[in-house]
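Input: a single structure, listed below in structure tokens.
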Amino acid sequence: MDNAVFPIEEPATWAKIRDQLATHNTWFPYFDTTLDEKIKAALSELDLTPLKYQPDNFDWLLTESGRLLERCLSYRREYMNREAEAVDSALTVAKYTSLNALQGEFSREKYAHLSDSLNLVLDHLNASLNEFAEGVEDPIAAGFKCQTDAEKAALLTDIESFANADANDRSVLLSEQQFYDALSARESEQGSALNHKERAERAFGLLVSDLMVAYEMCYASSFYLNSRLSIQDPVPLKSSIKLLDELVTWSRMVTRKLELALCDESNQVLSFKVDVPDAVFAIPGAEWSNLLTRVEVIPELQSCRIVSATLRYVRGDAPTGHGPFPPTARAILKAPPQILTGLAPYRPPSLYVGTVFQYRGTELPIFDRGCVLCNCSPFGDWEIKLSNFGTMGPLVKPKSVILYLEVAALVKRQIQ
Amino acid sequence: MNHFDSTRLRIQELALRRAWMVDIPLSCDDIFRNATTGVDLTHFVWEPRFAERLVEEVSAQIARCLLWAEDFRSLTECAIRFDLEYERRRSTVAAASKISVEALNTRRTAVQRSLAHDLDAVQKFADAGTPIGKGFAERSRASVLRKQSILGLLELEIGAATTREAIERNVLLGLESRHSLPGGAVNFRNRIERLSKVMEDEFRDIYVKSLSISDGLKATFGIDFSPPQTDADDILARFYTWSQSVRHYLIKIQCDDESTVISIGLEGTAFSPNQSIAGTEYGGNRTFSVPESILGEGQSCRLTGFALSFKGGGDDDSSYFPTTAIVTPPVQNSPRWGEYQPRAVPLTVCCFYGRELTVPFNRALSALSPIGTWNIKIKRPSFDVAVGIATWRLPLVLSLEVRRIRFRV
């Protein structure tokens with residue numbers, strides 16, 4: 001049994017069979033480890049510092065990670081089906097190869113045995129013919145000689161037909177083996193639908209890529225959920241063997257808690273003023289001037305987040321807002337740093353670039369600026385850069401005018 | 001018998017024979033029932049007033065679950081087929097081997113018996129000493145050789161049959177051992193359990209949301225859209241049909257919706273002129289009612305915007321800083337949970353000059369019924385820059401943006 005795959009020794013365990021399969025299928029060792037172990041190994045290389053996503057964008061992060069996790073479940077199903085098909089196919093091919101080898105060996109031995117033994121029989125028939133020939137005068141002996149001749153002829157036919165059957169059997173076994181060899185070859189052929197390893201690898205690559213991103217998103221958002229919305233559930237460890245399932249469960253649980261948390265939020269406008277010194281207007285040709293201000297934590301608003309913001313001038317002497325102002329056309333507003341549990345303070349990299357609106361005492365305009373400042377804490381050091389040049393060029397601030405900037409942030413606070 | 005019942009029966013039958021099939025969920029219906037039995041409904045996560053949003057979420061969740069249910073069925077079918085195939089092959093291999101070896105043994109015994117006679121014949125013909133006797137002795141020797149050859153062949157066949165059975169048995173044992181491999185692809189039990197857990201979580205959400213949707217629709221639109229009973233068959237398909245009906249209903253009635261702003265002037269001032277303005281305490285407690293008469297015959301409404309503002313008169317007003325009010329919405333009524341008081345929410349009070357209102361609005365007030373008694377407390381500003389006493393004499397205006405439905409169905 002040169003081509004035999006399966007060990008005859010018992011008991012047959014999966015480890016033994018797997019080793020046997022691996023020696024006959026180069027791709028088989030890919031399925032030695034389970035998908036869970038593969039995921040665990042792949043995610044062990046995931047470096048979570050620095051954070052890849054801003055925790056402030058927790059709502060977007062959770063929505064996006066939910067989509068990714070859903071895709072991961074589909075990829076897992078695809079991978080598992082490929083693995084099951086691969087194992088099934090390898091076993092089938094191996095079984096038939098072994099049975100073919102067995103059948104081949106059996107045929108060889110059978111025909112060799114038949115050939116030897118029938119030739120011996122032939123020898124004895126020849127001897128019998130000789131003995132009957134000696135008594136040829138006796139009609140009975142002559143009759144038996146004729147009968148033995150007939151028997152010898154039949155035996156010779158048998159010997160010939162067994163030789164033909166041997167050739168036929170070999171041919172059938174060969175064509176069967178060729179079929180399974182072709183099937184096996186297809187399993188290693190690049191781009192083949194039967195190349196289970198390649199298809200599984202592809203699904204695994206997509207799964208890991210999506211899962212890594214989803215994990216980074218969940219991990220980042222958990223800092224925000226923890227520090228701002230008091231949702232304390234930690235993200236499952238990336239070394240967990242059932243990470244995908246645990247992450248799906250975590251994300252759904254957090255979504256439910258978030259629903260409650262968001263229902264307990266309310267809008268509020270937080271305004272703070274920034275004095276604009278005369279010097280700002282005394283630098284002809286200056287491009288940008290820095291203004292700094294610090295907004296102290298208001299205890300009752302401690303747990304709040306910005307949902308939109310606007311900058312505007314407030315004039316102390318001319319409520320109507322008419323006159324040469326605004327002297328600036330644009331401003332850059334840099335949000336204060338975030339202090340998050342377990343993380344060093346970090347400064348959001350995005351800048352808010354917006355027009356400074358002239359305040360004429362109208363109702364407070366709140367412009368939603370999307371995710372740039374969204375969900376940041378309003379407390380801390382703000383940095384504002386003012387452009388000295390409007391479309392009309394540098395302007396001079398009249399001495400009689402008290403001018404300051406007002407930053408109005410629409411915040412959402414947690415209801416206590 | 002529907003698909004679920006037949007699947008259940010097959011699994012139950014298999015579970016009797018195969019230990020690994022015991023205790024796995026039998027159908028999607030069972031998973032649904034497991035998920036929804038004993039759910040704590042006393043504290044609701046999904047408030048009924050969000051019915052319009054929730055039904056969209058539920059539709060997406062059900063669509064996702066329908067795919068998972070297909071996956072569940074495929075896995076169950078794979079498990080059943082695998083198990084049946086395993087049983088078939090095991091019994092076939094054993095039976096075939098037994099039949100084959102037994103037949104070969106019987107034949108071997110017969111040939112051995114015949115061989116003994118041939119050996120006797122050889123001896124007796126040889127003893128005759130005549131040419132005929134010698135001839136027959138040789139023929140009998142040939143017969144002996146032939147039978148010995150047959151016996152050799154039978155030995156070979158018995159060996160091959162035994163080896164064949166061993167190979168088949170090894171394949172089956174190998175496959176069976178993979179059933180218990182943690183995380184293995186053919187560990188169907190493990191895969192089904194994992195999938196069921198995810199589905200259970202989603203089903204629970206769908207169920208609880210559907211109750212909230214049903215309550216919300218009853219309270220807001222007066223329409224009865226009870227979700228399907230959880231003990232019904234083919235429950236997921238029923239929920240899908242139900243959610244689609246609700247969506248179609250909402251699309252239809254939203255065409256009949258009309259938006260309107262109800263402004264209510266609150267007489268008096270927030271603070272008396274004699275009060276200090278330096279403090280930060282809340283004052284000016286106001287209670288007012290929005291009567292049901294704002295609705296026409298058969299109408300219903302829900303809050304879609306809210307603003308509280310001081311009504312000013314000229315341009316000399318740059319010193320009016322926004323301040324905060326604590327607003328307590330009216331008591332709401334949920335068919336399932338009865339009356340409940342929504343939380344009081346802080347809101348910014350803007351200066352309003354008859355221009356278009358910018359309404360900061362959020363989930364805390366979204367879709368509440370405005371009908372009933374409201375309570376408002378005004379907070380004094382924490383800074384005192386150029387705030388005149390007169391500011392606080394300005395009348396408060398409560399503006400409610402509501403969407404009204406023309407007809408209560």
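Below, read A as the first sequence line, B as the second, and so on, with proteins coming before strands; counting in each chain starts at 1.
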Please answer whether the main-chain N or O of A/Cys146 pairs with a side-chain N or O of A/Glu151 as donor and acceptor at a distance below 3.5 Å. no
Exam field: side chain B/Arg141 to backbone B/Val122, donor-acceptor pair closer than 3.5 Å: no
Side chain, backbone, both or neither of [X] within contact of chain B (heavy atoms, under 4.5 Å):
X: A/Leu122; answer: neither
X: A/Asn119; answer: neither
X: A/Glu85; answer: neither
X: A/Leu244; answer: neither

Highest number of heavy-atom pairs under 4.5 Å with chain A: which of [options]?
options: B/Lys197, B/Arg146, B/Gln148; value: B/Arg146
options: B/Lys134, B/Arg194, B/Arg164, B/Glu157; value: B/Arg194
options: B/Val198, B/Leu67, B/Asp71; value: B/Asp71

State, with a plain yes or no, whether a side-chain heavy atom of A/Val121 is found less than 4.5 Å away from one of B/Ser149. no
So do the side chains of A/Asn81 and B/Arg191 get within less than 4.5 Å of each other, counting heavy atoms only? yes
Relative to chain A, which segment of [X] carries a heavy atom at a distance below 4.5 Å: side chain, backbone, both, or neither?
X: B/Pro342; value: neither
X: B/Arg204; value: neither
X: B/Phe50; value: side chain

Can a salt bridge be assigned to the pair B/Glu77 and B/Arg73 using a cut-off of 4.0 Å between side-chain N and carboxylate O? no
Most heavy-atom pairs under 4.5 angstrom with chain B, which of A/Glu37, A/Lys242, A/Lys145? A/Lys242
Look at A/Arg252, A/Lys110, A/Glu134 and state which one has the largest set of heavy-atom pairs under 4.5 Å with chain B. A/Arg252
Which residues pass the side-chain contact (heavy atoms from CB on, under 4.5 Å) test with A/Thr148, sequence neighbours left out? A/Leu125, A/Ser128, A/Leu129, A/Phe132, B/Arg139
Residues forming a salt bridge (Lys or Arg N to Asp or Glu O under 4.0 Å) with A/Glu78, sequence neighbours excluded: A/Arg82, A/Arg199
Show the numbers, then the answer: is there a side-chain contact (heavy atoms from CB on, under 4.5 Å) between A/Gln103 and A/Leu99? CA-CA 6 Å; A/Gln103 188 62 35; A/Leu99 290 178; over 6 Å; no
